[in-house]
Amino acid sequence: MQLKIGVYNIAWMRDLFDSDGSPKTTGKEGDRSKHLAQIIQAIDPDFLGIVEGPNTLVNGTKTASAQLEAWTQEFIPDKVFKGVHGFPSPGQQELCAIYKPDKVQAVFTPETAEDKRFDQPFLMDTTDRLIKEQYKHYRPPLELSLLDTQNRFLTRIIIAHTKSKGIFDKVDFARYEKLSQRDRLRLFAECAHIRQRCDEYLEKNHPVIVMGDINDGFELDFYENRFSKSAVEILLGDLWKPEWILKPVLPKPNLNAHGWTPNSSRFTDKITKDQFNVLIDHILVSRQIQVVEGKVWNPYLEKSDTVIQAIRSQLLDVSDHFPIVSTLNFP
């Protein structure tokens with residue numbers, strides 16, 4: 001079975017909704033929604049993971065999935081999408097997804113054992129000192145089971161938005177160093193926790209997809225060399241279990257004068273103030289799944305792609321991230 005699977009950090013999608021959860025249809029937010037709808041229509045995904053989606057309230061009176069369904073009915077009326085969400089985060093910017101119910105079903109199937117839940121604190125040794133420290137996902141990763149319309153299991157999907165390495169406080173250089181190391185260790189812990197879940201799925205011979213804004217890329221930066229690992233490499237898996245290693249849908253990025261290529265976003269360096277291209281949004285799949293095609297919908301890179309160029313201004317307007325889109329074959 002072949003499906004088009006994507007992930008998109010939509011950047012504060014909650015701003016596209018009124019306080020009652022209904023989509024805003026006028027003004028700046030209405031225009032942004034129209035642009036987003038044009039992007040989704042161009043991608044035409046069977047399943048689209050969403051990072052920074054609309055808010056879910058703990059009391060259930062407002063949910064990301066209900067808002068997504070209302071939004072698609074308003075702005076993409078000629079297509080039918082269903083929404084799905086998981087554990088609410090303590091703050092905002094939820095993890096969620098939309099999918100075509102005539103192609104697949106996406107079901108929230110979290111691990112519920114007390115020592116394994118993604119919405120509970122967990123212990124992890126991030127420094128290889130045989131000392132476990134307590135961490136907690138600020139946004140609990142979204143665990144889904146993807147089924148076909150006949151209820152046949154296709155794959156597990158984990159959507160994540162892991163800890164940013166950015167330092168946004170006003171600090172001196174000494175504290176900048178300290179916070180930078182702290183944030184990397186938390187990022188490592190979150191990714192190691194997700195990888196543990198992948199191993200549990202793979203041990204049962206379940207295909208796995210990990211997607212989202214991982215806030216890290218391939219190769220080691222200066223700080224990660226201190227720890228001899230990067231968050232993405234933690235997610236990819238253990239070389240001693242090659243059959244369990246996840247593979248990216250994108251080619252290995254190359255470093256040039258402007259940063260990494262391909263890139264899904266860019267940031268301004270805190271010290272040099274230079275703009276730097278980064279690949280921090282990822283789709284990683286297990287070996288049971290065949291990657292037919294994978295692409296960043298980046299109009300600066302895909303200059304010969306007429307579909308992407310036709311929505312160039314929309315891609316630049318909607319978010320500071322570009323979507324990752326892949327075509328996958330499932331056994």
Side-chain angles (χ1 to χ4, degrees), residues 5-10 13 47-56 58 63-65 68 83-99 106-124 126 134-146 154-165 183-204 206-217 230-237 244 246 248-249 264 280-286 321 324:
I5 304 287
V7 67
Y8 196 5
N9 183 330
I10 296 178
M13 190 181 183
F47 176 96
L48 181 66
I50 295 174
V51 178
E52 298 196 19
N55 297 339
T56 292
V58 175
T63 65
S65 56
L68 287 173
V84 62
H85 69 278
F87 295 124
S89 73
Q92 304 177 76
Q93 304 183 121
E94 302 290 352
L95 296 166
C96 44
I98 57 174
Y99 61 93
V107 184
F108 178 44
T109 51
E111 174 60 63
T112 56
E114 281 301 316
D115 59 339
K116 293 183 178 181
R117 291 171 61 108
F118 277 155
D119 65 337
Q120 297 294 329
F122 60 95
L123 298 176
M124 192 65 61
T126 57
Q134 187 180 82
Y135 294 91
K136 186 176 181 180
H137 296 279
Y138 183 72
R139 298 178 185 87
L142 174 55
E143 299 174 85
L144 301 172
S145 293
L146 195 67
L154 297 175
T155 185
R156 301 281 191 173
I157 296 178
I158 300 176
I159 306 174
H161 188 187
T162 53
K163 174 62 181 175
S164 171
K165 297 185 292 185
D183 288 350
R184 278 165 175 77
L185 291 177
R186 180 173 171 181
L187 177 60
F188 292 164
E190 291 183 0
C191 288
H193 199 213
I194 294 169
R195 180 64 217 194
Q196 285 181 353
R197 183 77 83 252
C198 292
D199 289 343
E200 293 168 9
Y201 290 152
L202 291 166
E203 193 170 21
K204 300 174 184 176
H206 290 179
V208 177
I209 299 174
V210 177
M211 62 169 63
D213 180 354
I214 307 303
N215 271 308
D216 197 18
S230 72
V232 172
E233 289 170 335
I234 291 171
L235 289 175
L236 290 177
W244 286 8
L246 305 185
V249 303
S264 60
I280 56 176
D281 303 273
H282 303 279
I283 299 178
L284 311 173
V285 305
S286 60
H321 292 246
I324 312 296

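Predicted, not measured: the structure shown is a model, and the values here were computed from it. FYI, the numbering just counts along the sequence from 1.
Residues Arg197 and Val208 have side chains not in contact (no heavy-atom distance under 4.5 Å, counting atoms from C-beta outward). Counting only heavy atoms from C-beta outward, the side chains of Val285 and Val249 approach each other to under 4.5 Å. Glu52 is not listed as a side-chain neighbour of Ile10, based on a closest heavy-atom distance of 4.5 Å or more. Within the 4.5 Å cutoff, the side chain of Thr63 has no heavy atoms near those of the Glu94 side chain. His206 places none of its side-chain heavy atoms less than 4.5 Å from the side chain of Glu200.
No donor-acceptor contact under 3.5 angstrom links the side chains of Ser286 and Tyr201, judged on distance only. In this model, a donor atom of one side chain and an acceptor atom of the other lie less than 3.5 Å apart for Arg156 and Ser145.
Closest heavy-atom contact between Leu68 and Cys96: CD1-SG, 3.6 Å. Pairing each heavy atom of Ser264 with each of Asp281, the nearest pair is OG-OD2, 2.7 Å. Closest approach of Asp213 to Val51, counting heavy atoms only: N-CG2, 3.9 Å. Here the closest non-hydrogen pair linking Glu143 and Phe118 is OE2-CD1, 3.3 Å. The two residues Ser230 and Gly217 come nearest to each other via the heavy atoms OG-O, 3.8 Å. Summarising the geometry of Arg195 relative to Leu235, their closest heavy-atom pair is NH1-O, 2.9 Å, with the distance given to 0.1 Å.
Screening Ile50, Asn55, Leu144, Thr56 for a side chain to side chain contact (heavy atoms under 4.5 Å, CB included) involving His85 leaves a single residue, Thr56. Exactly one of Arg186, Gln120, His193 qualifies for a side chain to side chain donor-acceptor pair (under 3.5 Å) with His137. That residue is His193.
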With side chain to side chain contact (heavy atoms under 4.5 Å, CB included) as the test, would you mind laying out the steps for Lys163 and Tyr138 before giving the verdict? CA-CA 8 Å; Lys163 174 62 181 175; Tyr138 183 72; over 6 Å; no
Side chain to side chain contact (heavy atoms under 4.5 Å, CB included) between Val84 and Val107: does it pass, once the steps are laid out? CA-CA 7 Å; Val84 62; Val107 184; over 6 Å; no
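With sequence neighbours excluded, no residue forms a side-chain hydrogen bond (donor to acceptor under 3.5 Å, both in side chains) with His282.
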